[in-house]
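Below is one structure, written out as structure tokens; comments come after it.
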Amino acid sequence: MRLQREHPWPATEAEALAVQAELRPLVRAVPLPRPPRLIAGLDVAYVGAHGSADDEVAAAVVVLDAATLEPVERATAVGTAGFPYVPGLFAFRELPVLIRALERLTTAPDVLLCDGQGLAHPRRFGLACHLGVLTGVPTLGVAKTPLLGEWTEPGPERGATADVRDSGELVARVLRTQTGVKPVTVSVGHLIDLDGATELVLAAAPRYRLPETIRLADRLCRDAVAAVAGPA
DNA sequence: GCGACAG
DNA sequence: ATCTTGTCGC
């Protein structure tokens, strides 16, 4: 798949903030146009985890049949982060290599499940929003740990949720995907609404805490890192 | 000012 | 994110 929008890549934090401010107004939290048939999970693994701009990274995308959760296509890409780890500017680190992996896909996923936040972000423009705007494809964020907001503990059962608010604004939902596990944080990326995003994540996580999309993408990019680091 | 801070 | 052994539980 190809990008809908060109993107000059920032070299400094100030430039990155300007990019976010420019693209932020384009985000649309609206219901999915139709039930998704293909869903994709994306993830990035690091070779040495330093948090610096020259970290080597590997990205993976796995496309699944939404009904069976069976993988139908996968793609990877390796490269350099190109930006230091700064909470709130996380996307500038992972998006370049993720986009290169997406460009190697021959199928067109209906939704992209991102590892991280969407609107649950200090400037309401997390990685999932950013990728949605650049691709024009519906996106949502699934985060293992929250970045901000207040909420009450959801019930103990699978499917229990609680709204996450930041300064009174509804920015995400915590969702318990399995009975007895720590909830994940789900937020809108682009072209989907919070109800739809929550429903989709729950359906994609029938057995484990994280959706199958993320689990498979995680494994794939770790394998890619291993292949780069030590084929021995 | 201090601490916290997606991956 | 990544560095890492054993251990509790289904």
Side-chain angles (χ1 to χ4, degrees), chain A residues 13 16-17 19-20 24 27 41-61 76-99 101 112-133 139-151 156 158 164-167 171-175 177-190 194 197 201 206-211 213-230:
Chain A
E13 290 193 23
L17 290 170
V19 169
Q20 291 186 332
R24 164 71 184 87
V27 171
L42 329 214
D43 195 18
V44 172
Y46 294 75
V47 172
H50 302 93
S52 64
D54 56 4
D55 285 340
E56 294 177 80
V57 297
V61 187
T76 62
V78 296
T80 301
F83 206 88
Y85 174 67
V86 180
L89 298 178
F90 182 53
F92 297 98
R93 223 169 133 63
E94 298 203 339
L95 278 191
V97 66
L98 278 173
I99 288 168
L112 274 23
L113 282 74
C114 304
D115 203 344
Q117 317 288 352
L119 291 175
H121 175 276
R123 292 169 296 280
R124 308 292 180 257
F125 198 68
L127 180 147
C129 300
H130 202 148
L131 185 60
V133 167
T139 57
L140 62 85
V142 185
K144 295 179 283 296
T145 63
L147 178 57
L148 50 76
E150 303 97 45
W151 64 94
R158 163 175 157 89
V164 177
R165 295 181 175 280
D166 182 44
S167 307
V171 296
R173 201 112 82 191
V174 285
L175 165 67
T177 52
Q178 299 296 324
T179 299
V181 305
K182 175 185 173 183
V184 297
T185 304
V186 178
S187 59
V188 166
H190 187 45
L194 191 51
V201 170
R207 167 122 203 238
Y208 300 102
R209 178 184 179 231
L210 297 178
T213 45
I214 306 281
R215 298 184 71 245
L216 293 173
D218 181 75
R219 269 209 323 205
L220 186 56
C221 61
R222 281 175 197 265
D223 289 348
V225 160
V228 172

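In what follows, chains are A, B, ... by sequence order, proteins preceding strands, each numbered from 1.
For R123(A) and Q20(A), the side-chain atoms include at least one donor-acceptor pair closer than 3.5 Å.
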> Reading nucleotides 5-10 of chain C 5' to 3', which nucleotides get B (base under 4.0 Å from a protein heavy atom), which S (sugar-phosphate only), which -?
Replying inline: ------
> For every nucleotide of nucleotides 2-7 of chain B, 5' to 3': is a protein heavy atom under 4.0 Å from its base (B), only from its sugar-phosphate (S), or from neither (-)?
Replying inline: ---BBB
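For the atom pair CD (Q117(A)) and CZ (F90(A)), the distance works out to 9.5 Å, reported to the nearest 0.5 Å.
Without hydrogens or angle criteria, T139(A) side chain to A128(A) main chain gives a donor-acceptor distance under 3.5 Å.
When the shell of 6.0 Å around CD of E56(A) is examined, it contains 12 or fewer heavy atoms from other residues, nucleotides or ligands.
The shortest non-hydrogen separation linking L148(A) to P122(A) is CD2-N, 3.3 Å. In this structure, L220(A) and V61(A) approach most closely via the heavy-atom pair CD2-O, 4.1 Å. The two residues A53(A) and T80(A) make their nearest non-hydrogen contact at O-CG2, 3.3 Å.
Taking the charged nitrogens against the carboxylate oxygens, R219(A) and D223(A) have no contact shorter than 4.0 Å, which rules out a salt bridge. Salt-bridge formation is not detected for the pair R222(A)/D43(A): no Lys NZ or Arg NE/NH1/NH2 atom is positioned less than 4.0 Å from an Asp or Glu carboxylate oxygen. Between R124(A) and D166(A) there is a salt bridge, since at least one side-chain N of the basic residue sits less than 4.0 Å from a carboxylate O of the acidic one.
Between the CD atom of E56(A) and the C1' atom of dA1(C) there is a distance of 14 Å, rounded to whole Å. Atom CG in D54(A) sits roughly 15 Å away from atom C1' in dA1(C) (whole-Å rounding).
Stem analysis of DNA chain C (Watson-Crick or G-U pairs, both distances under 3.5 Å, runs of at least three) returns none.
Here H130(A) pairs with W9(A), F92(A), F125(A) under the ring-ring contact (aromatic ring centres under 6.0 Å, His included) rule; sequence neighbours left out. With sequence neighbours left out, the side chain to side chain contact (heavy atoms under 4.5 Å, CB included) criterion links D55(A) to Y46(A), H50(A), S52(A), A81(A), R93(A).
L95(A) has its side chain within reach of L131(A): a pair of non-hydrogen atoms, C-beta onward, lies under 4.5 Å apart.
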> Pairing of DNA chain B as dot-bracket, 5' to 3': ( ) intra-strand, [ ] crossing, | other strand, . unpaired, with Watson-Crick or G-U pairs under 3.5 Å?
Replying inline: .......
